Amino acid sequence: MAFDDRWLERLRLELTWFSGQAALRSRGAGAILRFMHVRPRRRGFQPLRANEITPQFLDRAIRALKRWKYDFLGMDEVCRRAVMLPEKRRFVALTFDGANKDAINFAYPVLARHDVPFTIYVPTAFPDGVGEAWWLGLERVIARESRISLMMGEKEQRFTVTDNARKRALFSYLESWLRSLPPADLSVAIADLCTRYRIDLAALSREASMDWEDLAKLAADPQVTIGSATVNYPVLANMKDAAALREMAMGKAVAESAFRRDIRHFAFPFGDRSSFRRSHVVMAEEAGFASAVSTIPGIVEAEGRTNLRALPRISWDGRVRSLRVMRVLVSGVAFAPVKPTGSTTGKA
């Protein structure tokens, strides 16, 4: 069913492109694109393939956006454009979540060659080498094993997965369950699973993440904006408010100490509607952030109509999306008007 939904969405967007609406009409001031992984294609079991694009696609996308006359902006300028009267040229902002190692190995050479600004959101436990990329541990276990058992609550559950379709279904089920847990319970659950199947989650997490030296190289580039994504990248909605605010404030403080600059921009971990609440939008302002981005799809309106601490982003799905689809999405014609969230206003 999920595959059918993706196929129907792509068909709808492709038909919109062929109709010419994206070229003739546009809405809003611009769009923020969100990427997770930029790396060469891999083979085998890849339940997170939706979060990947190749360096070649990134290069083609930037060339196309330049051809379509989009202004490339950092997040400071996005905040300014979002509260001003509409300008003739629309903007696009490129953002990267997670501080993954492939961002500097594969994405940065493309971005530097095009000399375009971009923003990277850093969960500070990961360059410290203590963050837990639990989704990678889950992926590794399911990829290697055909029989899997784990404790879910107070009961041990057993699964048999002998082909990739069943493995993908199990990954989706267990990922959803893990994301529903409070951070401490999630850590216990993934530690139990990885220990059973001899997966070194700490080493896997360190291998996948940039270290502070990598990030210092990016921070030295004036085209790069460093943002925060908490310390441990938890699902904020599963935390008490005081703990959630502490995660947000501490992530900002650690990054400011490391980079010796004001960290003005924030990304909600995971960023979908179930991962944060309206109260967290208010917390982003309380913590001193000028903006906070979600993964809720949409475009940025001008004249302060989009809440700067609940900015929508277009997440790029590396399985089904094309440059034609990109043009439709960044034009804004595929999205309903963005409704402001919470009581914070558009001033940066």
Side-chain angles (χ1 to χ4, degrees), residues 22 26-36 38 53 57-97 99 103 107-108 110-122 218-229 255 259 261-268 271 284 289-316 323 326-333 335 338 344-348:
S26 61
R27 193 175 57 75
I32 306 172
L33 297 179
R34 180 248 191 180
F35 304 98
M36 279 290 291
V38 180
I53 62 169
F57 184 85
L58 179 62
D59 178 75
R60 290 173 54 219
I62 293 172
R63 292 178 186 277
L65 289 162
K66 287 181 175 179
R67 190 167 63 248
W68 300 333
K69 307 298 184 185
Y70 276 78
D71 291 335
F72 289 80
L73 304 184
M75 287 305 298
D76 284 333
E77 184 63 12
V78 168
C79 290
R80 190 190 71 83
R81 288 274 193 104
V83 300
M84 303 295 290
L85 292 172
E87 297 196 12
K88 184 176 181 180
R89 285 172 62 108
R90 294 169 56 76
F91 73 78
V92 66
L94 309 180
T95 65
F96 296 81
D97 283 4
Y108 185 54
V110 176
L111 295 159
R113 185 167 65 248
H114 283 284
D115 193 31
V116 293
F118 66 95
T119 300
I120 185 162
Y121 294 101
V122 180
L218 294 181
D221 186 335
Q223 292 282 47
V224 179
T225 298
I226 302 291
S228 173
F259 300 114
R261 67 181 66 173
D262 188 20
I263 301 297
R264 290 170 41 81
H265 306 289
F266 177 73
F268 293 107
F289 292 109
S291 78
V293 293
S294 69
T295 58
I296 298 170
I299 49 92
V300 179
E301 304 277 2
E303 300 180 272
R305 292 194 298 271
T306 303
N307 191 329
L308 292 184
R309 280 92 182 180
L311 288 167
R313 285 190 294 174
I314 299 169
S315 297
W316 212 250
L323 290 181
M326 178 177 282
R327 185 158 198 187
V328 172
L329 292 174
V330 297
S331 75
V333 299
F335 299 113
V338 176
T344 54
T345 60
K347 290 188 178 181

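Values below: all heavy atoms of this structure, side chains included; hydrogens, waters and symmetry mates excluded. Just so it is clear, the model here is predicted, and its values are computed rather than measured.
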For the side chain of Asp262 and the backbone of Arg264, is there at least one donor-acceptor N/O pair under 3.5 Å apart?
-> no

Distance (rounded to the nearest 0.5 Å) between Phe259 CZ and Leu218 CG | 8.0 Å

Please examine the side chains of Val92 and Trp68, heavy atoms only from C-beta on, and report whether any two atoms are closer than 4.5 Å.
-> no

Arg309 side chain vs Phe289 backbone, donor-acceptor pair below 3.5 Å | yes

Is a donor on one side and an acceptor on the other found under 3.5 Å between the side chain of Thr225 and the backbone of Thr119?
-> no

Check whether any side-chain heavy atom of Leu308 lies under 4.5 Å from a side-chain heavy atom of Val78, and answer yes or no.
-> no

Write down the atom of Ala292, the atom of Phe268, and the distance for their closest heavy-atom approach.
-> CB-CE1, 3.6 Å

Ignoring hydrogens and angles, tell me if any N or O in the side chain of Arg90 forms a donor-acceptor pair with the backbone of Val330 under 3.5 Å.
-> yes

Non-hydrogen atoms of Ile263 and Ala255 that approach each other most closely = CG1-CB, 3.7 Å

Can you find a heavy atom in the side chain of Tyr121 that is under 4.5 Å from one in the side chain of Val293?
-> yes

Under the 3.5 angstrom rule, does the side chain of Glu303 hit a backbone N or O of Val83 as a donor-acceptor pair?
-> no

pair Ile314-Pro297: side-chain heavy atoms closer than 4.5 Å | no

Side chains of Val300 and Phe91 in contact at under 4.5 Å (non-hydrogen atoms) | yes

Between Phe96 and Leu111, is a side-chain contact (heavy atoms from CB on, under 4.5 Å) present by the stated rule, with each step listed?
-> CA-CA 12 Å; Phe96 296 81; Leu111 295 159; 3.8 Å; yes

Determine the minimum heavy-atom distance between Ala103 and Ile120, stating which atoms define it.
-> CB-CD1, 4.1 Å

Does the side chain of Thr95 come under 3.5 Å of the side chain of Arg313 through a donor N or O and an acceptor N or O?
-> yes

Do the ring planes of Phe35 and Trp316 sit parallel (below 30°), tilted (30 to 60°) or perpendicular (above 60°)?
-> tilted

Find out whether Leu311 and Met75 are in side-chain contact, i.e. whether some heavy atom of one side chain is under 4.5 Å from a heavy atom of the other.
-> yes

Spell out, as yes or no, whether a donor-acceptor pair under 3.5 Å connects the side chain of Arg261 to the backbone of Ala219.
-> yes

Flag side-chain contact, heavy atom, 4.5 Å: Ile32 against Pro312 | no

Is the centre of the Phe72 ring less than 6.0 Å from the centre of the Tyr70 ring?
-> no

Heavy atoms only: give me the nearest His265-Ala290 pair and the separation to one decimal.
-> CE1-CB, 4.2 Å

For Arg89, the salt bridge (charged side-chain N to carboxylate O under 4.0 Å, His left out) test, sequence neighbours excluded, returns Asp71

Would you check, one step at a time, whether the test salt bridge (Lys or Arg N to Asp or Glu O under 4.0 Å) holds for Arg80 with Glu87?
-> CA-CA 11 Å; Arg80 190 190 71 83; Glu87 297 196 12; 3.2 Å; yes

Are side-chain heavy atoms of Val116 and Gln223 found at a separation under 4.5 Å?
-> no

